[in-house]
Amino acid sequence: MALTLYNTLTRQKETFKPLKPGHVSMYVCGPTVYDSSHIGHARSAVVFDIVFRYLQEAGYKVTYVRNFTDVDDKIINRANERDMDCQALSEIYIDEFHRDMDALAVLRPTLEPRATEFIKEIIEVTAKLVEKGHAYVVDGDVYFDVRSFASYGKLSGRKLEDMEAGARVKVDSRKKDPFDFALWKAKKPGEPAWESPWGEGRPGWHIECSAMSWSRLGETFDIHGGGQDLIFPHHENEVAQSEAAFGQQFVRYWMHNGFVNIDSEKMSKSLNNFLTVKEILDQFHPEAVRLFLLSKHYRSPVDFTEQAMKEAASGLDRVYSCLQRILETVGGLDDDFQISGHWSRFCACMDDDFNTAGALGILFEAVRDVNRLLDGDLTGDDQVRATEAGAAIVKMGGVLGMFQEDPDAYFEGKKEQAAQDGGFDPAMVDDLVAKRSQARKDKDWGTADAIRDQLTEMGVAIEDTPDGTIWKMA
RNA sequence: GGCGGCAUAGCCAAGUGGUAAGGCAGCGGACUGCAAAUCCGUUAUUCUCCGGUUCAAAUCCGGAUGCCGCCUCCA
């Protein structure tokens, strides 16, 4: 069983083989920290979180680098609007990004470098490119000369000629070619700047990733990831910079995740339909968000809708109900997650270019198998098999970053959250429920049903179980 | 104008040559005072359409139609 993954560079699935046996080096483009993170950032983070987790599960030591872009036009503009400095602004959004991603159970990468901490390396790579004739200086700006890099366009599958025919690029007469891009930008008033051989200035966008990946992972590394929109120009430019500077292959496997649409529409500033992670987590359980994001293959677009989220939330309940049922009926899980066979089938899906949708299918099969076993006469053998399958569910969940909560705590948490959202005191509900229970005991069905109707109107659902009545938000 | 992707049940979605996973909703059953919740069962002779290759195709090839993305900052 070998991991295969789709390589954007070659446009096909390839068997994954790291440069150094047993060790994987991975770089993913992180956010530009000038605003709150949205569901698209969450998808990218969750997708590569799965890659990170699964590679480790497969026994690799993984060095995972994800950067913060903390100097850039958007940050400068936003900081000026708010009359604060760029660093303070970045700090706010880095903290917020961490809070959001922690809430989503996204593991912290091994390293999280910031562009402004690598100015020295950025200048070093830029100088090398100038030296080698791949870059030129104009009025304190330094531009990469795309014509000097013969394979420019190989990642995105474009030719310079074709793109220029499209002609939607601004022509800058100082550039040799419209597609030449800035490595270094001369200082303008009100902008942060650093000393450089070309005068005071700041780095262009693309160069930071070349510099930081080189510094932390070397001239060639295994996996580079990011959103599909970064393929061109950002990643194309990274390839050009790094390979022109160091004269060897930059990245061995390129992985790109698809977009998140909102109600079938692309998220965009103009449509004003950005959904922030915070807004979503206000409404849905973090694991439901992960379940939603992972229920479709990472390279396909995924459509965020209220209905899809509710379905994910229902699915999450189903799994937790199952885990709770195991704990209640047989008291615990088995240690051996391999026996039931679900785990190996799960891995086969994950090995196939991280097919999380297929993998989730296996997980839900395990849930059904457990329920079937527990529906039987519970002979010792069935109980053991149920706990084995249950162990597999938790194990699979671990790779997906889900089902890590105690089931009782999960349902209790949901109830508290719901009561809070409904704006009433749980004690009052408990009181009504107690009254109804008494009425039921007296076989006073009229009163019992009246109370139930009253609770229903409040949005509270009643569940009569053999151990008594419990309630939750409908 | 250039490049690329997608089209599988009511909805979402796996499946890349061997005879259609899974989820949600629906329906039937168990359970219940009746319900709800939960659990079980069940729902595509067929994979947008038309040709072709093959003993065999949702899967490969050619064509048509429809939808979408990128080529400009963007996860």
Side-chain angles (χ1 to χ4, degrees), chain A residues 8 11 13 28-32 34-35 37-48 72-74 153 156-170 178-179 205 225-234 236 256-261 264-269 274 291-292 295-297 299-303 305 307-308 310-319 321-322 324-325 345 349 352 355-368 370-372 374-376 440 443-445 448-449 452-453 455-456 460-466 469-472 474:
Chain A
T8 307
R11 279 167 210 93
K13 281 190 202 172
V28 173
C29 288
T32 300
Y34 73 105
D35 207 347
S37 50
H38 58 245
I39 181 69
H41 294 114
R43 185 180 197 192
S44 179
V46 168
V47 163
F48 291 103
D72 141 287
D73 291 350
K74 291 190 291 290
S156 53
R158 309 155 197 269
K159 296 189 185 88
L160 280 169
E161 296 69 38
D162 296 341
M163 291 195 289
E164 277 161 23
R168 267 167 76 187
V169 274
K170 270 191 224 141
F179 284 94
W205 174 34
Q228 246 155 27
D229 51 336
L230 297 179
I231 296 173
F232 190 90
H234 186 234
E236 190 69 61
H256 294 279
N257 66 273
F259 287 112
V260 180
N261 294 139
S264 306
E265 274 183 329
K266 189 191 158 162
M267 270 198 294
S268 75
K269 294 283 184 199
F274 270 76
L291 183 58
F292 161 72
S295 64
K296 195 156 176 183
H297 187 90
R299 280 189 281 114
S300 305
V302 65
D303 193 24
T305 62
Q307 195 203 343
K310 283 186 175 156
E311 287 177 7
S314 297
L316 190 65
D317 280 354
R318 179 171 164 81
V319 178
S321 293
C322 175
Q324 189 177 43
R325 194 175 173 202
R345 291 168 62 214
C349 287
D352 183 15
N355 181 359
T356 52
L360 281 167
I362 307 296
L363 194 145
F364 278 101
E365 277 184 46
V367 168
R368 192 189 51 202
V370 167
N371 281 325
R372 267 187 200 146
L374 261 28
D375 273 358
R440 292 184 70 224
K443 300 211 187 293
D444 178 3
W445 309 125
D449 290 350
R452 184 169 66 195
D453 290 344
L455 288 166
T456 303
V460 175
I462 290 296
E463 294 179 27
D464 296 326
T465 75
T469 300
I470 60 170
W471 63 270
K472 65 182 191 181

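Below, all heavy atoms of this structure are taken into account, side chains as well, without hydrogens, waters or symmetry copies. A, B, ... follow the sequence lines: proteins, then strands. Residue 1 opens every chain.
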Next on the checklist: Quick check: any donor-acceptor pair below 3.5 Å linking the side-chain of A:D464 to the base of B:A37?
Outcome noted: no
Item to check | Rounded distance in Å between the C1' positions of B:G22 and B:U8 | outcome: 13 Å
Next on the checklist: According to a cutoff of under 5.5 Å between the ring centres and under 30° between the ring planes, does A:F259 stack with the base of B:A75?
Outcome noted: no
Item to check | A:N371 side chain, from C-beta outward: closest of B:A14, B:C40, B:G69 | outcome: B:C40
Checklist outcome for this item: Regarding the side chain of A:D375, the nearest nucleotide among B:A14, B:C40, B:G23 is B:C40
Next on the checklist: If I pick the C1' atom on B:G15 and the same atom on B:A57, what distance separates them, to the nearest angstrom?
Outcome noted: 13 Å
Next on the checklist: Pairing check on B:U38: which nucleotide meets the Watson-Crick or G-U wobble criteria with it, both distances under 3.5 Å?
Outcome noted: B:A30
Next on the checklist: Nearest to the A:R372 side chain among B:G41, B:A14, B:C39, which nucleotide is it?
Outcome noted: B:G41
Next on the checklist: What I want to check is whether an N or O donor and acceptor connect the side chain of A:E365 with the base of B:G22 at under 3.5 Å.
Outcome noted: no
Next on the checklist: Using atom P in both nucleotides, what's the gap between B:C70 and B:G10 to the nearest angstrom?
Outcome noted: 31 Å
Checklist entry - Does B:G22 pair with anything, Watson-Crick or G-U wobble, both distances under 3.5 Å, and if so, with which nucleotide? => result B:C12
Item to check | Close side-chain approach of A:W471 to A:L455, heavy-atom, < 4.5 Å | outcome: no
Checklist entry - In terms of side-chain geometry, is the basic nitrogen of A:R345 or A:E365 positioned less than 4.0 Å from the acidic oxygen of its partner? => result yes
Next on the checklist: Using atom P in both nucleotides, what's the gap between B:C31 and B:A44 to the nearest angstrom?
Outcome noted: 28 Å
Checklist entry - Roughly how far apart, to the nearest Å, are B:C49 and B:U42 at atom C1'? => result 31 Å
Checklist entry - For the pair made of CG in A:L230 and P in B:U72, what is the distance, rounded to whole Å? => result 14 Å
Checklist entry - Starting at NZ of A:K74 and ending at P of B:U72, how long is that distance when rounded to a whole Å? => result 15 Å
Checklist entry - Say you pick atom P in B:G28 and the same atom in B:A36; how far apart are they, in whole Å? => result 11 Å
Next on the checklist: Between C1' on B:A13 and CG on A:L363, what's the gap in Å once rounded to a whole number?
Outcome noted: 15 Å
Checklist entry - Rounded to the nearest Å, what distance is computed from the NZ atom of residue A:K13 to the P atom of nucleotide B:U16? => result 6 Å
Checklist entry - Is B:G69 paired to anything, Watson-Crick or G-U wobble with both distances less than 3.5 Å, and if yes, which nucleotide? => result B:C3
Checklist entry - Counting just side-chain N and O atoms, does A:N261 come under 4.0 Å of either OP1 or OP2 of B:C68? => result no
Next on the checklist: On the side chain of A:R452, is there an atom forming a donor-acceptor pair with the base of B:C34 - under 3.5 Å, no angle test?
Outcome noted: yes
Next on the checklist: Closer than 3.5 angstrom, by distance alone: can the side chain of A:S44 be matched with the main-chain N or O of A:H41 as a donor-acceptor pair?
Outcome noted: no
Item to check | Partner nucleotide of B:C49 by Watson-Crick or wobble geometry (both distances under 3.5 Å) | outcome: B:G63
Next on the checklist: Would you measure the distance from the P atom in B:U59 across to the matching atom in B:U19 and give it in whole Å?
Outcome noted: 15 Å
Checklist entry - Considering every strand shown, what is the Watson-Crick or G-U wobble mate of B:G17 when both distances are under 3.5 Å? => result none
Item to check | Interatomic distance where CG belongs to A:L160 and P belongs to B:C3 [whole Å] | outcome: 15 Å
Item to check | Inter-nucleotide C1' distance (B:C61, B:A75), Å rounded | outcome: 36 Å
Next on the checklist: Closer than 3.5 angstrom, by distance alone: can the side chain of A:K296 be matched with the main-chain N or O of A:P301 as a donor-acceptor pair?
Outcome noted: yes
